[in-house]
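To start, the structure under review is shown below, and the notes come after it.
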Protein chains: 2
Amino acid sequence: MPTLRIALAQVNSTVGDIRGNAASVRRWSREAADAGAHLVAFPEMMLTGYPIEDLVFRNSFVEASRQGLRDLAAGLAADGLGELAVVVGYVDADGPPAISSDAAPGSGRRDASALLHRGEVVATYYKHHLPNYGVFDEDRYFEPGDTLTVVRLGGVDVALTVCEDIWQAGGPFTAARRAGVSLVVNINASPYELNKDDVRLALVQRRAVEAGAAVAFVNMVGGQDELVFDGDSMIVSETGELLARTGQFGEELLVHDLDLDPRASEPGPSALKIDRVATGVTLAPPADTRRGGIAERLSDEAEIWSALVLGLRDYVNKNRFPSVIFGLSGGIDSAVVAAIAVDALGPERVVGVSLPSGFSSDHSKDDAADLAKRTGLDYRTEPIQAMVDAFLANMSLSGLAVENLQARVRGVILMALSNQEGHLVLTTGNKSELAVGYSTLYGDSVGGFNPLKDVPKTMVWQLARWRNTQPGTPPIPENSITKAPSAELRPDQKDSDSLPDYEILDPIIKGYVDRDLGRDELIAAGNDPALVDRTLRMIDLAEYKRRQSAPGTKISGKAFGRDRRLPITNLFREGV
Amino acid sequence: MPTLRIALAQVNSTVGDIRGNAASVRRWSREAADAGAHLVAFPEMMLTGYPIEDLVFRNSFVEASRQGLRDLAAGLAADGLGELAVVVGYVDADGPPAISSDAAPGSGRRDASALLHRGEVVATYYKHHLPNYGVFDEDRYFEPGDTLTVVRLGGVDVALTVCEDIWQAGGPFTAARRAGVSLVVNINASPYELNKDDVRLALVQRRAVEAGAAVAFVNMVGGQDELVFDGDSMIVSETGELLARTGQFGEELLVHDLDLDPRASEPGPSALKIDRVATGVTLAPPADTRRGGIAERLSDEAEIWSALVLGLRDYVNKNRFPSVIFGLSGGIDSAVVAAIAVDALGPERVVGVSLPSGFSSDHSKDDAADLAKRTGLDYRTEPIQAMVDAFLANMSLSGLAVENLQARVRGVILMALSNQEGHLVLTTGNKSELAVGYSTLYGDSVGGFNPLKDVPKTMVWQLARWRNTQPGTPPIPENSITKAPSAELRPDQKDSDSLPDYEILDPIIKGYVDRDLGRDELIAAGNDPALVDRTLRMIDLAEYKRRQSAPGTKISGKAFGRDRRLPITNLFREGV
C-alpha cells in the first residue's frame, strides 16, 4: 500500500497581492518539502486572495492570476521544488486571449484548482458547486465546472475539488467514488462562524464515506474586510475517522502520512464527467512516520476573541495602517475594543482618547485611565466642551440634537487626529446598538473598522469576563464590566431609559436579524408583544444608519453601490 | 378575429406596502374597466414592490404577499371588477404552510405572476430566467419556474411571463411559439439606465418574432433606494411592429385594441413545460376603437433629469421625510441638487444652507443667494468660522486636517438642523469626486441621499445648461456653471490643483469603473500613462470612503453587511 505524505498549508493570503501570495506558496512549499511531503495543498484562491468580488470582471486581474500561476510553477522548479506536487487555488478563465469585458457577468470565469509539478501546470479543476447565499455570490462571478479532475500520483488516484463541492451531496464526491479515487483534496476559503468547526467535521466525515475515499480539507486563515477565515484544516479517512486536524486562526503546516489503497472505479450515475490526468509524481516511501495530530478545540469565548483579534489585525496590516485610534469612554464597549486592539497590534500601535464632556462622570475618566495603565496603550485626553459650546452659542439646539452634537464633536476630533497622524479610527458600537440604531450617525459611528460590529452586548460582557481570566494583567477594569451602561449625553442617562435590558433585547434581535423570524413567531417564542413591536420598528428604521453611505439614483451602466462590489482591502491596486 | 382590449398599468408601487399597493391595483383596475379593457396588466412584484432583497427570507413577508393576493382578488370582485382579467406580480412560495426559516436560501420562493378573475386566483406563473448580474441577485432569492402558463381568454391563448424571461432567447418565448399563443404578457421591474429604452424596444421586437405572437411589455415606474424604474411600457405585434408605447417616469394607463388570431401550436423542442388554464374571461367586441399611441422619446438630459427628480422624490416621500436640507455653496453641484430638489418636492420642502468660512469667496455667497431667489427655496446662512476656531484653539492641526475640519463642521451643522427640524440631509458630491475620493469623509459626504451619486462632473454641467433652457426662470446662476470648481477649503484652492481636468478624468473613470478596463487597456485607448496610474490609485484607495459604514468581523450566522441585504425604503416595517 503506497504512503502519501500530504501537507496541508493553512496559510494567510491577501486579496489582490498575487506576487506576495505566490511568494508565500514558495516559502511554505519549501517547508513541506523539508518535511518530506509528496504533495502540499494550499487554500482556495490562494493566489488571488478570497473573496475578490467584482475584481473578477477585470480581465487584467484574471490574466494576472493565470500568468501568476504559470510563473509560480516555474518559480517552484527554480527553487528546486519541482518534484513536490503543489495544489493551489487561483482564478482562471476559459482560454486565452482575454475574454471580452462585454461578456455576460461570470461567463467563462472559473474558481479553479491546479496541480503544479516540475515547473508545469499539470492539471486543473473548476469548482462545480457555486454557493450563492449568505456572504457568497458565486453565481454572479463564476461558471461552474462539469468535470472532476483525477490525477494519478505514484499509482494512486486523487481527485481535486474546491470548497462548496464538499457541502452538497451527490456532486463531485459521488463522482470521486465512481472514479475510484483513494483521496479527495478539498481546498477551501470557508469563513468563520461560531461553532462552524463542529459542522465542518461532520460534513467532511459524511463526504468521505460518500466518496469511499480519504478527504484532505485545507482552509485559508486570515481576515478580509468583514470575513475571517479560521483554518480548521483536517484529514479524514474513507471510513469517516478523523486522522489529523489543525488549530484555528493561525498559519500552520499539517503533515500526515496517509496509507492509500488503489481503488477500483465503481459503475453508477454521476453528475460530472471524469478527466484522468497522468503525472510524473512518485511516492518514495518515507523513512519515518508523520502523524499530524488533532488540535484541541477552543471555548466559544476564545474562538470569538481570536476571530476579532485576527480580523482587526489583518484589516489594519493588509491596508497598511500604522496604528488605530478610538474614543475611550470608560464603558464596556470601548474597553473591549481596546483589549482586542492591544492583543492584535501591541500597545504601541493603539491610541485611546478620553473625550470628556460636562456630562462625563468621574468614574468614566478613571476607568478609561485605569484601562490605559493596564494595557499600556497611548492614552490622551481631549475635552469636548469648548467645541460643543461653540455650536450651542451659534445655533438653537435642544434635546436629541444636543445629545448627538456631543457624539459628533467627538467624531470630528478623532477624524482630525486621524488626518493629522495617520491612525485608522475604530468604531466601538456593538451589534445590539447597531441593530436598534442606538448610536449617533456621524458621531460614535465614525470609523473605518468596528471590531464589535457583529457582537451583541451580552456577548461583549461575556468576552470581557473571559479575557480577564487569561494569563497576564486583566486588561479590563472590573468597574467597566459591572456598571450600568450609559451614553452619558445628558445628566444621569442610562441605556435602560431608551432600551429594554440587553438580556431581553438580544434574543429578539437574534430572532429577527439572524433567523428572519416575523413578529408572530417572536411573540410565540415568549417575547412580550409590545416589546417585540417596539424593537422590530427600531431595527427596521435603523437600516439607513447601518448603511451610512448615502444611496443615490443610478443612471449609468455601473453605479457605485449594488452594481459594483469590491473588496476594500485589495492590494491589486498596487498593480492596477 | 377576436379583439382584446388590453390595458397596461405603468404604476408606482412601494416596497413592503402590500396594502397600499393592492389599493393602487384596485384604483387602476377601475380605470381600466371604465376604459372598456378586457385585461389589465400590472408590473412585476406589484404587490410587494421591487426589489425586496432579503425580505424574501422572512416567511411572514411571503405569507403577507400570498394572503394579499387572495384578498386583492376578492377586493376586485367586491368592487364590481370581477369580470376584468387582472395580471399582477407578487411573491409566492411553494405550498402552504409557511416554508421553514432554515430552508436553503431562495428555496421555494418564487417571483410570480397571477391572473385574477371573478374573485379568484385563476392562474399563476413562476419566472423562469432569474437575473444574477449588475443590480440583480435573483439566484439568491428565488427558484426558477419550469412551466409556461398559458391562459385561454375568449378563444385566444395568452402566455404569462416575467421580466428577465424576455432578455434571453430560447426560453419562455420559444415555449410560447410551441404553445401557439397569440399574445405574451411580460410584466417588468426593469430599472432605468441611460438609453436603455432603445435596447428594450429592439429586444421586445426580437422576442415577438421568436414567439410569433404579440408582446405586451409593462414596466414599473418609481424610485426605490438607488434604483429608478422608468416605465417605457409597450405593445409590439407578432411581426415586431411597435403598436403603442408609454412615456417614461410617470404613472400611465396604456389602453390598446389588439386583434388576435388564434394560433396553432407548433411542434419542436422547448425548455419549459406548458400548463394550459381555461378561464371564464370573455372578449365582448368593443363598441369603439382604442389605440394607445406612441409617446415621443426624451433627450438624454431630459431622461437623466427626470430619473434624478423621480429618484429623489420617491426616496423622500416613501420614507416619509417632510423636507430636505443641504449645504448651498454657490458651486455647480449643490446648485444642480437644489434645482432637482425643487423640481421633485417644490421649494417649500427644500432648505439650502450657506455655510461660509473665512475662505469662502464673495461670489460663492452671492451665487447661493441668487439660486435661492430663482428657485424660492428656504435659504439660510450659518457661518462656520466660530466652530472651526474652537477646534483649532484646542488641537494642533495643520494642512489636510484643517481643510477636512471645515467640511466636518458643516456636516455637524447640517445634521444638527436635521435632528432639530426633521429634514433629510442631502449629499451633493458627484460621481467623479466620489470615484477619486475628492471629498471629506463625514464632511461633505454627510447625508442620507445623494442625487448626484451616479452623475459624472461633466454631466453635471451638461444637466445645468439643459435645465436652464427649460420653461420658467432658469434656476441655476450662470456664474455657478462657468466658474472654475473649488472646494474653498484653503485660499485660492481649485479642483485642478489636485485633479486632472474633468474632461480628461471622466473618461478614465468611465473606463475603469463602468467598463472594468485595466491599466493597459486605458493607456491603449489614448490616456496618459502617468495620469491613468494616478487616477486608478485614487479610485482604488477611495473604496473605504464610498463605503463609509465601517466593516467589522463577522462572527454570527447573520452579520450586518454582506450577509443581510435589505431595502432602506421598506414600509413592511409598518406591519413587521
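All of these numbers come straight from a predicted model, not from anything done at the bench. Computed over heavy atoms, backbone and side chain alike; hydrogens, waters and symmetry mates excluded. The chains referred to below are lettered A, B, ... by the order of the sequence lines, with proteins before strands, and numbering in each begins at 1.
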As an exercise: rank A/Pro451, A/Gly311, A/Ala401, A/Pro383 by heavy-atom pairs under 4.5 Å with chain B and give me the winner.
A/Ala401
Can you tell me which of A/Gly443, A/Ala386, A/Gly399, A/Ser398 forms the most heavy-atom pairs within a distance under 4.5 Å of chain B?
A/Ser398
I need the [X] [atom1] to [Y] [atom2] distance, nearest 0.5 Å.
X: B/Asn132; Y: A/Tyr141; atom1: CG; atom2: OH; result: 9.5 Å
X: A/Leu517; Y: B/Phe57; atom1: CG; atom2: CZ; result: 14.5 Å
X: A/Arg519; Y: B/Ser60; atom1: CZ; atom2: OG; result: 10.5 Å

For the student: nearest non-hydrogen atoms of [X] and [Y], plus distance:
X: B/Met395; Y: A/Ala416; value: CE-CB, 4.1 Å
X: A/Glu382; Y: B/Asn394; value: OE1-O, 3.8 Å
X: A/Leu441; Y: B/Met415; value: CD2-CE, 4.1 Å

Does any heavy atom of chain B fall under 4.5 Å from the side chain of [X], the backbone, both, or neither of them?
X: A/Leu397; result: both
X: A/Leu312; result: backbone
X: A/Ser418; result: neither

Under 4.5 Å from any heavy atom of chain A - which part of B/Glu421
neither
So, the part of B/Val409 with a heavy atom under 4.5 Å from chain A: the answer is both
Quick one: does any side-chain atom of B/Arg140 pair with a main-chain N or O of A/Gly134 as donor and acceptor, under 3.5 Å?
yes
Checking the side chain of B/Tyr544 only, and the main-chain atoms of A/Phe449 only, is there a donor and an acceptor separated by less than 3.5 Å?
no
Can you tell me which of B/Gly411, B/Ala390, B/Ala542 forms the most heavy-atom pairs within a distance under 4.5 Å of chain A?
B/Ala390
side-chain contact (heavy atoms from CB on, under 4.5 Å) assessment of A/Asn59 paired with B/Asp516
CA-CA 8 Å; A/Asn59 289 332; B/Asp516 286 312; over 6 Å; no
Any donor-acceptor pair under 3.5 Å linking the side-chain atoms of B/Asn404 with those of A/Asn419?
yes
Residue pair A/Tyr442 / B/Arg408, side-chain donor-acceptor N/O under 3.5 Å
no
